[in-house]
Student: 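Below are the structure tokens for one structure; questions will follow.
The model shown is predicted, which means the values in this text are computed figures rather than measured ones.
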Amino acid sequence: MVSVQEAFSILKNKLPELKEVEYLLSKARKHVVSQSLYSPINMPPFRQSAMDGFAVNFHNSLNYEIIGEIKAGDSHQVKLLPGQAVKIFTGAAVPDSASAVIQIEKVSVNETVLKLEEQLKLSLNIRPIGEQTAIGDLALEKGSVLNAAAIGFLAGLGFTKVKVYQKPAIGILITGNELVKPGNPLEYGKVYESNGVMLESALKDAFYDAVTLYEVNDNFENTKNKIQQALSENDVVLVSGGISVGDYDFVAQALKELEVETLFYKVNQKPGKPLFAGRLKDKMVFALPGNPGACLTCFYVYVLPTLTILSGKATNYNQTVRKTISHDFSVNNSRCQFLKANVDGDTVTILSHQASSMLNSFSVANSLVFVSDGNYEIVKGSQVAVYHI
């Protein structure tokens, strides 16, 4: 059995190499850029009007002659002589001969005569060439996450494809003869299966879309074959249940016969002690406890950071922040604990129903409080370590 910190260290040093892939920009949402990107153009590529109004070429009077208009997208060149103006719209190309753009609300127009209220500042309301980025400038640094704004920015620079780190395809294998799919009658001794849809939902929340569910009954050959199939079709396999030492827990034996390298088995924590982490070539395997609360705890603490790193985003496993606990709390345990909790601003409240089988408090939690093992009191107002989930 390893400690939590030992488990973190083992994972950090045993992860497979990252995979790079080129995607259409429109398909690259929430992926991590694998190469720094440099601007191929100036943005804006021309002097651009920042508003609707009139572009003018300065002279010694407040009156100007209007000689035409320029709409956004117009490509014809207009040359303004001193004292001349052209009506212009937001985003349109400002003539090189224009001194400034005056917004439409600050002028009066009488047929072809424009009258200003006051003299303008040079370059007023004109976005200069390359104001946002110039040719050759760093547009997006390696390791950046492609959110909606980043995708829009790159599209505006003319990018259609981008090289990113490939997100892992994830297989979820559900084991257990006692499980029944929701919607079916619940016989005596059976429980509804929830871990599969729970893990799938947690993955989708984190923008992992390549997720496949597998199911198997408690039979060794079936378990082995299904794990083998999941490993052949995915980069990371999550097994729910069957990793303990009961007579009908076949996951550990199946993993051994498939020559999955054991990175660690059992962590000195509560919930989630019977956690397994392994590797087969460039594939990762996590065998998670079957109890729903323990399963989800291990997912947030170990699996999700692993997936984040394999997706190219720099992160650490021990991502805790310090928060002030809002109440007294007694610790009496031989293992460290991850306790379902709620953070509100700078304070955190540990919730009830902490058993590994329970999800009701997890369903309203937004964090996990980590407490070390021992027998001691945590006093209201003390600082505690918190994982955001």
Student: Side chains of Q5 and S9: is there a donor and an acceptor less than 3.5 Å apart?
Tutor: no

Student: Is the backbone of V101 close enough, under 3.5 Å, to the side chain of N125 for a donor and an acceptor to pair up by distance?
Tutor: yes

Student: Are V86 and F46 connected in the hydrophobic side-chain network, where two residues link if heavy atoms are under 4.5 Å apart?
Tutor: no

Student: Would you check if the distance from the ring center of H59 to the ring center of Y64 is below 6.0 Å?
Tutor: yes

Student: Please check if the side chain of R47 supplies one atom and the backbone of P95 the other of a donor-acceptor pair under 3.5 Å.
Tutor: yes

Student: Determine, step by step, whether L288 and L199 satisfy the side chain to side chain contact (heavy atoms under 4.5 Å, CB included) criterion, reporting the C-alpha distance in whole Å, the side-chain angles of both residues, the deciding distance to 0.1 Å, and the verdict.
Tutor: CA-CA 11 Å; L288 307 171; L199 290 171; 4.1 Å; yes

Student: What do you reckon, is CD of E221 surrounded by more than 12 foreign heavy atoms closer than 6.0 Å?
Tutor: yes

Student: Backbone N or O of S3 within a donor-acceptor pair of the E6 side chain at under 3.5 Å?
Tutor: yes

Student: Is the closest side-chain heavy-atom distance between I67 and V78 below 4.5 Å?
Tutor: yes

Student: Side chains of E131 and P44: closer than 4.5 Å at any heavy-atom pair?
Tutor: yes

Student: Does any non-hydrogen side-chain atom of M284 lie less than 4.5 Å from one of R279?
Tutor: yes

Student: Indicate yes or no for a side-chain donor-acceptor contact from S361 to the backbone of H353 under 3.5 Å, with no hydrogens or angles considered.
Tutor: yes

Student: What heavy-atom pair brings G156 and I41 nearest, and what distance separates the two atoms?
Tutor: O-CD1, 3.9 Å

Student: Could you tell me whether the side chain of N375 reaches within less than 4.5 Å of the side chain of V331, counting heavy atoms only?
Tutor: no

Student: Between T324 and Q383, is the side chain to side chain donor-acceptor pair (under 3.5 Å) condition met? List the steps.
Tutor: CA-CA 5 Å; T324 302; Q383 295 282 298; 2.6 Å; yes

Student: Going by heavy atoms in the side chains, are L138 and Y38 under 4.5 Å from each other?
Tutor: yes

Student: Regarding N291 and S357, do their side chains bring together a donor and an acceptor under 3.5 Å, going by distance alone?
Tutor: no

Student: Might you point out which heavy atoms bring H388 and V321 nearest each other, and give the distance in Å?
Tutor: NE2-CG2, 3.6 Å

Student: Is it true that V237 and L255 fall in one hydrophobic cluster, defined by side-chain heavy atoms closer than 4.5 Å?
Tutor: yes

Student: Between the side chain of S49 and the main-chain N/O of V94, is any donor-acceptor distance below 3.5 Å?
Tutor: no

Student: Under the criterion side chain to side chain contact (heavy atoms under 4.5 Å, CB included), I'd like the reasoning laid out for F362 against I389: C-alpha separation, chi angles, the key distance, then a yes or no.
Tutor: CA-CA 10 Å; F362 229 141; I389 60 174; 3.6 Å; yes

Student: With no hydrogens and no angle check, is any side-chain donor or acceptor of D74 less than 3.5 Å from a backbone partner on K71?
Tutor: yes

Student: Looking at side-chain heavy atoms only, is the closest gap between V107 and F54 below 4.5 Å?
Tutor: yes

Student: Given side chain to side chain contact (heavy atoms under 4.5 Å, CB included), test V56 with L114 step by step and report yes or no.
Tutor: CA-CA 10 Å; V56 300; L114 171 73; 3.8 Å; yes

Student: In Å, rounded to the nearest 0.5 Å, how long is the span from CD of E261 to NZ of K281?
Tutor: 13.0 Å

Student: Just checking, is any N or O donor in the side chain of Q166 or Y23 under 3.5 Å from an acceptor N or O on the other one?
Tutor: no

Student: Do V285 and L258 land in one hydrophobic cluster if side-chain heavy atoms of ILVMFWY residues count as linked below 4.5 Å?
Tutor: yes

Student: Looking at L122, is its backbone amide N or carbonyl O close enough to the side chain of S99 to form a donor-acceptor pair, meaning the two atoms are under 3.5 Å apart?
Tutor: no

Student: Say whether, by atom type as modelled, one donor and one acceptor occur between the side chain of E215 and the main chain of T175 under 3.5 angstrom.
Tutor: no

Student: Write down the atom of I151, the atom of L25, and the distance for their closest heavy-atom approach.
Tutor: O-CD2, 3.6 Å

Student: Does one side chain, of Y387 or N318, offer a donor that lies under 3.5 Å from an acceptor on the other?
Tutor: yes

Student: Testing the 3.5 Å rule here: is there a donor-acceptor pair between the side chains of T212 and E233?
Tutor: no

Student: Can you establish whether the number of heavy atoms outside K224 located under 6.0 Å from its atom NZ is more than 12?
Tutor: yes

Student: Can V21 be reached from L146 by stepping across I, L, V, M, F, W or Y side chains whose heavy atoms are under 4.5 Å apart?
Tutor: yes

Student: Would the number of heavy atoms belonging to other residues, nucleotides or ligands and lying under 6.0 Å from NZ of K14 be above 12?
Tutor: no

Student: Return yes if a side-chain donor-acceptor contact under 3.5 Å exists between D373 and N268, otherwise no.
Tutor: no

Student: To the nearest 0.5 Å, what is the distance between CG on L368 and CG on L339?
Tutor: 8.0 Å

Student: Would you indicate whether D344, at its atom CG, is surrounded by more than 12 heavy atoms from other residues, nucleotides or ligands within a distance under 6.0 Å?
Tutor: no

Student: Begin with the C-alpha distance, continue with both residues' side-chain angles, and end with the deciding distance and a verdict on side chain to side chain donor-acceptor pair (under 3.5 Å) for Q228 and S232.
Tutor: CA-CA 6 Å; Q228 188 172 35; S232 70; over 6 Å; no

Student: Does the pair V369 and F338 meet the rule for a side chain to side chain contact (heavy atoms under 4.5 Å, CB included), with working shown?
Tutor: CA-CA 6 Å; V369 169; F338 293 96; over 6 Å; no

Student: Would the distance check show the side chain of N42 and the main-chain N or O of I135 forming a donor-acceptor pair, the cut-off being under 3.5 Å?
Tutor: yes

Student: Inspect the contact between D96 and K79 and indicate whether a charged nitrogen and a carboxylate oxygen are less than 4.0 angstrom apart.
Tutor: no

Student: Would a distance-only check, ignoring hydrogens and angles, find a side-chain to backbone donor-acceptor pair under 3.5 Å from N234 to V236?
Tutor: no

Student: Distance alone, cut at 3.5 Å: any donor-acceptor contact between the side chains of S36 and E141?
Tutor: no

Student: For a quick test of reading the model, state the closest non-hydrogen atom pair linking I88 to A55 and the distance between them.
Tutor: CG2-N, 3.9 Å

Student: List the atom pairs, donor and acceptor, that lie under 3.5 Å between side-chain atoms in residues 298-312 and the rest of the protein, sequence neighbours left out.
Tutor:
unit_1 : atom_1 : unit_2 : atom_2 : d
Y302   : OH     : Q269   : OE1    : 2.5
T306   : OG1    : Y302   : O      : 2.8
T306   : OG1    : Y317   : OH     : 2.7
T308   : OG1    : L304   : O      : 2.8
S311   : OG     : Y208   : OH     : 3.0
S311   : OG     : L307   : O      : 2.7

Student: In this structure, would L351 and V384 fall into the same cluster of hydrophobic residues linked by side-chain contacts under 4.5 Å?
Tutor: no

Student: Let me confirm one number: the CG-SG distance from N195 to C295, rounded to the nearest 0.5 Å.
Tutor: 4.0 Å

Student: Does K380 NZ have over 12 foreign heavy atoms under 6.0 Å away?
Tutor: no

Student: Between K167 and D235 (salt bridge meaning N to carboxylate O under 4.0 Å), is one present in this structure?
Tutor: no

Student: Do the side chains of Y165 and K313 get nearer than 4.5 Å, heavy atoms only?
Tutor: no

Student: Report yes if the side chains of F58 and L120 come closer than 4.5 Å at any heavy-atom pair, otherwise no.
Tutor: yes

Student: Going by distance alone, is a donor N or O of one side chain under 3.5 Å from an acceptor N or O of the other, for S326 and T349?
Tutor: yes

Student: If you draw a 6.0 Å radius around CG in D346, do more than 12 non-hydrogen atoms from other residues or ligands fall strictly inside?
Tutor: no

